[in-house]
2 protein chains.
Amino acid sequence: MATIADVAAAAGVSTSTVSYVLSGRRPISPATRARVEASIAELGYRPHAGARALAGRHTNVLALAAPLRSDINVPVIMQFVTSVVTAARSYDHDVLLLTNDEGSAGLERVAGSAMVDALIVMDIESDDARIPVLRRLRQPAVLIGLPNRPGGISCVDLDFAAAGYTAVAHLAEHGHRAVGLIGPPPAVYERGTSYATRFLAGFVDAVEEYGLASASHPSEPTFEGALACLNRIDDELPGVSALVVHNEAALSPLLGILRSSGRRVPEDVSVVAICPEDVALGLPIRMTSVDIPGHQLGALAVERVMSLLRGERGAETRLLAPSLAERDSCADAGTGPRAG
Amino acid sequence: MATIADVAAAAGVSTSTVSYVLSGRRPISPATRARVEASIAELGYRPHAGARALAGRHTNVLALAAPLRSDINVPVIMQFVTSVVTAARSYDHDVLLLTNDEGSAGLERVAGSAMVDALIVMDIESDDARIPVLRRLRQPAVLIGLPNRPGGISCVDLDFAAAGYTAVAHLAEHGHRAVGLIGPPPAVYERGTSYATRFLAGFVDAVEEYGLASASHPSEPTFEGALACLNRIDDELPGVSALVVHNEAALSPLLGILRSSGRRVPEDVSVVAICPEDVALGLPIRMTSVDIPGHQLGALAVERVMSLLRGERGAETRLLAPSLAERDSCADAGTGPRAG
DNA sequence: CTCCTAGGTCGAAGCGCTTCGACTTCTCTC
DNA sequence: GAGAGAAGTCGAAGCGCTTCGACCTAGGAG
């Protein structure tokens, strides 16, 4: 591989000049710049990332800690990952992918060995053990999620509490008096994953505020799980006329179960889904849904990271307001379908 | 951050000794080793990755080029990514994630700037434009997929042709004479993605060999897509008694469609799915399926990479034999269900 | 006409690590 | 009891880049 010295020799300048052409940190005459750029192109020169990291004290690499277990929310996670990588590339950065099961150790490793300039951490638990270590690290960090005590770390997330509230409010305003919540798998709650509990809190708030009856249960992301969950809700809440589904993978099975038990959506039961838009649109019924804007959140996280990298201080936490899209899965209680 | 010089000073040795303790490339007395290790622990020393890369000529990072579009096969891709990262970690390597829409440029960039030691490339097209550039690169590369001309590059994949054959053979042996194939989305074929065409080829082979009637069509990964695809198959092949589904996302909708149109699985129509095991088990019916062993393939790819990195030559291509698991979605033609 | 400043370029000093060669002890072997 | 070889350690030379200070040349201000 060509080195900066080769380029310098070919262009008849010093290596520092080549470096300044590349970084733009000092003025260079148009003539010199042209010669250097020609040599770079001719030699196919690419700066050695390691040398750069050593001398320049940054790597242009971001770490992304993602929950790579085969949980429910695979499509959402995929969206996050995709948008983080894409956004990072638009800032000329690459992404090093960490699994969450390395936990804090992975973060300490990549930060400690200066492999990355900053960290983005997903799947935050309410009392996440990684937060203290993140704070101890020198690198900027952004959480996709919201812990109880961010403690000076930037957070970016959907406002899941508001999402829970919004879903119920929508149903209440359509006259429903008894709503069930089909939640994420038990494991998600057990881990204390913050979006699950925040959503539930918003759900409960709205239920109380509107004076509704409710039942809520976690659901495994399988047909059987959805069935079991629905059965429990039916048991506890006999007159249930509306369902909020905060579990992508349960959506399709659920719809199947409802239909085969003769309950029409939305005539007999209204359903609000919490999921990415494309999931909401790919089902047999176009689902009224609260969007999980994975792409937007990933991009936002990267933007926060970049501004921290630029030296801007302050650990703002941004919770995106939920937006509910009315489609075909909700109707007024006791009546027929209603236009979205 | 502590440097190797700090550690050396604390332990009262030279930096080279610390380096040899770390790398094990020269004998070190137990006493010295102990002192050095104590200093390392005390100072929380971590070698600087950039410095290491510069001096040591390798980064311990792998590039993984994954199709991060929101295609159908999200769960499979997730499995690949997960297993590659996990396997890489077990060899003390990290993974830099590239999106496929950077194409060859991304590969050239990370390889050219010495960010990675080797590359793993997914979602290979029959005549993939990245293959020539991969060959030109110095770094070892492994494909997850199988192009027409691997040209000296190692490949790892499920034997999709055999998978197609196996699925049909299974059905034929149960007396089915007319089988339909619900394939991946049109876009997958249009890209010339190799697994789709290989699977189809195997399917057709078996159809001919067993003298069956058949119809095959791509399907969008939505409810509507599955419905349209099924309709076309029904039109072309009125007596169809068995379906092969090479499209994870169409599976759940399909089952719903069949049920609501009164066709029982497996009594009226047998279905063989091509998908990861957990998908096959999460549906309303435990699906007879040909497994896509994402975890195994990812791990295999990493192993190949590591052996190339160790200097072992030879570009073997490994196609894993498909294994069909009999479950509850297939029955003998014209009879009732049959034990798996 | 001199002085200052800005533009443009260079040389050299690191950045933190690995590795090569050399050196010093020991421990065998004959 | 001398020589060979292994074990254990050190010093120094890079690896390829960035950046600091210095230098030179013009052009404008006074």
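Numbered from 1 within each chain, the chains take letters A, B, ... in sequence-line order.
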Distance alone, cut at 3.5 Å: any donor-acceptor contact between the side chains of [X] and [Y]?
{"X": "B/Ser29", "Y": "B/Thr32", "value": "yes"}
{"X": "A/Arg304", "Y": "A/Ser154", "value": "yes"}
{"X": "B/Ser14", "Y": "B/Thr17", "value": "yes"}

By nearest atom, which of the nucleotides [options] is closest to the [X] side chain?
{"X": "B/Pro27", "options": "D/dT18, C/dC17, D/dG8", "answer": "D/dG8"}
{"X": "B/Thr3", "options": "C/dC17, C/dT9, D/dT18", "answer": "C/dC17"}
{"X": "A/Ala55", "options": "D/dG16, D/dC15, C/dT9", "answer": "D/dG16"}

**Prompt:** Taking the nucleotide of DNA chain D with the closest heavy atom to each, which residue, A/His58 or B/Ala51, is nearer the 5' end?
**Reply:**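 Closest to the 5' end, via its nearest nucleotide, is B/Ala51.
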**Which residue lies more 5' along DNA chain D, comparing B/Arg33 with A/Ala2 via nearest heavy atoms** =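 Closest to the 5' end, via its nearest nucleotide, is B/Arg33.
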**Message:** For the CZ atom on B/Arg318, are there more than 12 heavy atoms of other groups (residues, nucleotides or ligands in this structure) within a distance under 6.0 Å?
**Reply:**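 Open: at most 12 neighbouring heavy atoms sit under 6.0 Å from CZ of B/Arg318.
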[X] (side chain) and [N] (base): donor-acceptor pair under 3.5 Å:
{"X": "A/Arg26", "N": "C/dT9", "answer": "yes"}
{"X": "B/Ser16", "N": "D/dG11", "answer": "yes"}
{"X": "A/Tyr20", "N": "D/dC20", "answer": "yes"}
{"X": "B/Tyr45", "N": "C/dC17", "answer": "no"}

For the pair made of [atom1] in [X] and [atom2] in [N], what is the distance, rounded to whole Å?
{"X": "A/Asn60", "N": "D/dC17", "atom1": "CG", "atom2": "P", "result": "15 Å"}
{"X": "A/Arg46", "N": "D/dC17", "atom1": "CZ", "atom2": "C1'", "result": "17 Å"}
{"X": "A/Ile28", "N": "D/dC24", "atom1": "CD1", "atom2": "C1'", "result": "15 Å"}
{"X": "B/Arg25", "N": "D/dT9", "atom1": "CZ", "atom2": "P", "result": "18 Å"}
{"X": "B/Leu54", "N": "D/dA13", "atom1": "CG", "atom2": "C1'", "result": "13 Å"}
{"X": "A/Arg57", "N": "D/dT19", "atom1": "CZ", "atom2": "P", "result": "10 Å"}
{"X": "B/Arg52", "N": "D/dG16", "atom1": "CZ", "atom2": "P", "result": "18 Å"}
{"X": "A/Ile4", "N": "D/dG16", "atom1": "CD1", "atom2": "P", "result": "11 Å"}

**Item:** Touch class at under 4.0 angstrom, heavy-atom based, for B/Ser23 against every strand present
**Value:**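 It contacts nothing in the nucleic acid.
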**Asked** Base, sugar-phosphate, or nothing: which does B/Ser19 touch, judged by heavy atoms less than 4.0 Å apart?
**Response**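 Base contact.
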**Item:** salt_bridge(A/Asp127, A/Arg149) N-O dist < 4.0 Å
**Value:**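 Here A/Asp127 does not pair with A/Arg149 in a salt bridge, since their nearest N and O are not under 4.0 Å apart.
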Would you tell me if any nitrogen or oxygen in the side chain of [X] comes within less than 4.0 Å of OP1 or OP2 on [N]?
{"X": "B/Thr32", "N": "D/dT9", "answer": "yes"}
{"X": "A/Thr17", "N": "C/dG8", "answer": "no"}
{"X": "B/Thr15", "N": "D/dG11", "answer": "no"}

Listed pairs under 3.5 Å, donor-acceptor, residues 129-140 of chain B side chains, sequence neighbours left out:
residue: B/Arg130; atom: NE; partner: B/Asp128; partner atom: OD1; Å: 2.8
residue: B/Arg130; atom: NH1; partner: B/Asn100; partner atom: OD1; Å: 3.1
residue: B/Arg130; atom: NH2; partner: B/Met122; partner atom: O; Å: 3.4
residue: B/Arg130; atom: NH2; partner: B/Asp123; partner atom: O; Å: 3.2
residue: B/Arg130; atom: NH2; partner: B/Asp128; partner atom: OD2; Å: 2.8
residue: B/Arg135; atom: NH1; partner: B/Gly151; partner atom: O; Å: 3.0
residue: B/Arg136; atom: NH1; partner: B/Glu108; partner atom: OE2; Å: 3.3
residue: B/Gln139; atom: NE2; partner: B/Ala111; partner atom: O; Å: 3.3
residue: B/Gln139; atom: NE2; partner: B/Val116; partner atom: O; Å: 3.0

